Amino acid sequence: MIAEVIERHYSFEGEMLKYRHQSEVLACEMTFSLYLPTLVTKKDYSLIWWLSGLTCTDDNFTQKSGFQKYAAAHEVAVIIPDTSPRGIEIPDSPDWDLGQGASFYVNATEEPWQKNYQMYSYLTEELPKIVSDLIPNLSGNESIMGHSMGGHGALMVGLKNPTRFSAISAFAPILSPSQVPWGQKAFTHYLGKDKSSWEQWDATNLITKPFQHKLPILITQGSEDNFYENQLQEYSFLATAKENKQNINYQKVVGYDHSYFTIASFMEEHFKFHVTNMENQ
Ligand SMILES: N[C@@H](CCC(=O)N[C@@H](CSC=O)C(=O)NCC(=O)O)C(=O)O
């Protein structure tokens, strides 16, 4: 597996890198970004995963969140995958909430998506091997965060892999995709009409599982988010989490919206949360 550097920028005394590689799992060429605090002498890097939302590539986070300052300060590496398979030969939809840029990070079972839309396997199997080849000195401590569709992706991937990640955080996540229009549309196309096949991909269902470890979870939701009412409500997720004694810090922040201005405003807090939990592993 060869990943080729296509962009390199110094940032906060580290390096913001963008790679291109051929994905076997997704059967297409992909890009991802990787931040390395290269100029520090720390031997073993912890790794934070960031998953972006609908319509994004890895560039939205690298260019708008301001995360590099905190990754450099805490000496952690950060990996930012793209949000779906891409290319002219890859199935797509005219709608911005389905197809390219809108994978929901699941493994699709339905046509025409099944062949390429295997993002869960890409994130949990193929990409970790590529990253460990690129950074031989990973400490093994990992955590995961994301926004909106990617906030749900972080919860879903983290909850399905509770011994791998130390913590999960999310900005404005789609907490109950099976119950809201964005999730229902995507799951119907990618997973089929039978809702029982959706359960393994829905954080509100996954939070009921009797996991060996109860991961700490931090969620930040803006009160002025225009998607909140229809897509992002927390009641079902939090009630289920409470029943199952899960460790959730859900904070509603007054005045903030769904944008990267909100993400940038709370990035420092989220980094502190991840680093503290990874150090306590
Ligand atoms: N194209 C849409 C808006 C799409 C949008 O707001 N995407 C969000 C994520 S939404 C949930 O996953 C996003 O992160 N956008 C990128 C950005 O840089 O802000 C429309 O036109 O309404």
Side-chain angles (χ1 to χ4, degrees), residues 7 16 18 31-33 35 48-68 78-86 92-106 108 113 117 119-120 122-123 144-158 168-191 198 201-204 217-234 236-237 250 252-253 255-267 270:
E7 271 186 50
M16 189 67 255
K18 189 173 172 99
T31 61
F32 64 88
S33 290
Y35 181 77
I48 297 180
W49 292 74
W50 169 270
L51 303 182
S52 298
L54 293 165
T55 72
C56 292
T57 67
D58 41 326
D59 294 341
N60 298 71
F61 185 67
T62 61
Q63 295 174 9
K64 292 169 90 173
S65 73
F67 83 91
Q68 292 89 349
V78 181
I79 167 100
I80 308 108
D82 200 349
T83 52
S84 76
R86 293 204 190 256
D92 200 2
S93 141
D95 303 343
W96 60 267
D97 54 2
L98 185 71
Q100 295 186 35
S103 72
F104 273 77
Y105 303 105
V106 301
W113 315 101
Y117 283 71
M119 283 297 285
Y120 179 76
Y122 175 67
L123 294 178
I144 187 160
M145 65 201 297
H147 173 227
S148 199
M149 172 185 75
H152 179 264
L155 287 160
M156 181 269 286
V157 173
I168 307 171
S169 84
F171 294 87
I174 305 167
L175 284 168
S176 308
S178 304
Q179 299 171 34
V180 300
W182 275 341
Q184 288 169 340
K185 178 175 176 177
F187 284 7
T188 302
H189 281 269
Y190 301 144
L191 307 169
W198 301 4
W201 303 109
D202 186 318
T204 293
I217 297 175
L218 170 64
I219 297 173
T220 299
Q221 173 64 58
S223 69
E224 301 308 306
D225 186 326
N226 55 327
F227 295 121
Y228 171 76
E229 209 61 35
N230 287 338
Q231 311 282 5
L232 311 173
Q233 286 197 27
E234 73 278 22
S236 183
F237 178 81
Y250 183 89
K252 204 70 161 286
V253 287
Y256 289 89
D257 62 18
H258 199 67
S259 73
Y260 269 80
F261 292 106
T262 304
I263 295 172
S265 303
F266 294 92
M267 191 47 61
H270 280 241

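Computed from heavy atoms alone, side chains included, the values below leave out hydrogens, waters and symmetry copies. Whatever order the structure lists ligands and atoms in, that order sets their numbers, starting from 1. Just so it is clear, the structure is predicted and the values come from calculations on it, not from any experiment. In what follows, residues are counted from 1 in the order of the sequence shown.
Residues H258 and S148 have side chains that bring a donor and an acceptor to within less than 3.5 angstrom of each other. Between N60 and S52, the side chains place no donor N or O within less than 3.5 Å of an acceptor N or O (distance only, hydrogens not considered). Residues T204 and S176 have side chains that bring a donor and an acceptor to within less than 3.5 angstrom of each other.
Note: no N/O pair closer than 3.5 Å links W182 and ligand 1 by distance alone. Residue H258 has no nitrogen or oxygen atom sitting less than 3.5 Å from a nitrogen or oxygen atom of ligand 1, judged on distance alone.
Those atoms of ligand 1 that come under 4.0 Å of a heavy atom in N60, given as number and element, are 16 (C), 17 (C), 18 (O). Each of the atoms 6 (O) of ligand 1 lies under 4.0 Å from some heavy atom of F227. Close approach of ligand 1 to C56 is summarised as follows: ligand atoms under 4.0 Å from at least one heavy atom of the residue are 13 (C), 14 (O), 15 (N), 16 (C). Listed by number with element, the atoms of ligand 1 under 4.0 Å from a non-hydrogen atom of Y260 are 14 (O), 17 (C), 18 (O), 19 (O). For ligand 1 and T55, the ligand atoms under 4.0 Å from any heavy atom of the residue are 1 (N), 4 (C), 7 (N), 15 (N). Atoms of ligand 1 lying under 4.0 Å from any heavy atom of M149, numbered from 1 in the order shown and given with element: 11 (C), 12 (O).
If you check which protein heavy atom lies closest to atom 18 (O) of ligand 1, you get K64 NZ, 2.7 Å. Protein heavy atom nearest atom 11 (C) of ligand 1, with residue, atom name and distance: S148 OG, 2.2 Å. In terms of protein heavy atoms, atom 22 (O) of ligand 1 is closest to W96 CZ2, 4.1 Å. Atom 7 (N) of ligand 1 has its closest protein heavy atom at L54 O, 3.0 Å.
For Y117 and F104, the ring centers are positioned 6.0 Å apart or more.
The closest approach between a heavy atom of S259 and any atom of ligand 1 is not below 4.0 Å.
Distance remark: protein heavy atom present below 4.0 angstrom from atom 14 (O) of ligand 1.
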Audit row: Y120, W201, ring pair (Phe, Tyr, Trp, His ring centres under 6.0 Å) steps and yes/no: CA-CA 10 Å; Y120 179 76; W201 303 109; 5.3 Å; yes
Salt bridge (charged side-chain N to carboxylate O under 4.0 Å, His left out) between R86 and D92, intermediate numbers included: CA-CA 9 Å; R86 293 204 190 256; D92 200 2; over 6 Å; no
side-chain contact (heavy atoms from CB on, under 4.5 Å) evaluation trace for L175 with I219: CA-CA 10 Å; L175 284 168; I219 297 173; 3.8 Å; yes
CA sep, side-chain torsions, deciding dist, call: Y105, H152, ring pair (Phe, Tyr, Trp, His ring centres under 6.0 Å): CA-CA 9 Å; Y105 303 105; H152 179 264; 9.1 Å; no
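A perpendicular orientation is assigned to the rings of F67 and Y35, their planes being inclined by more than 60° (bins at 30° and 60°).
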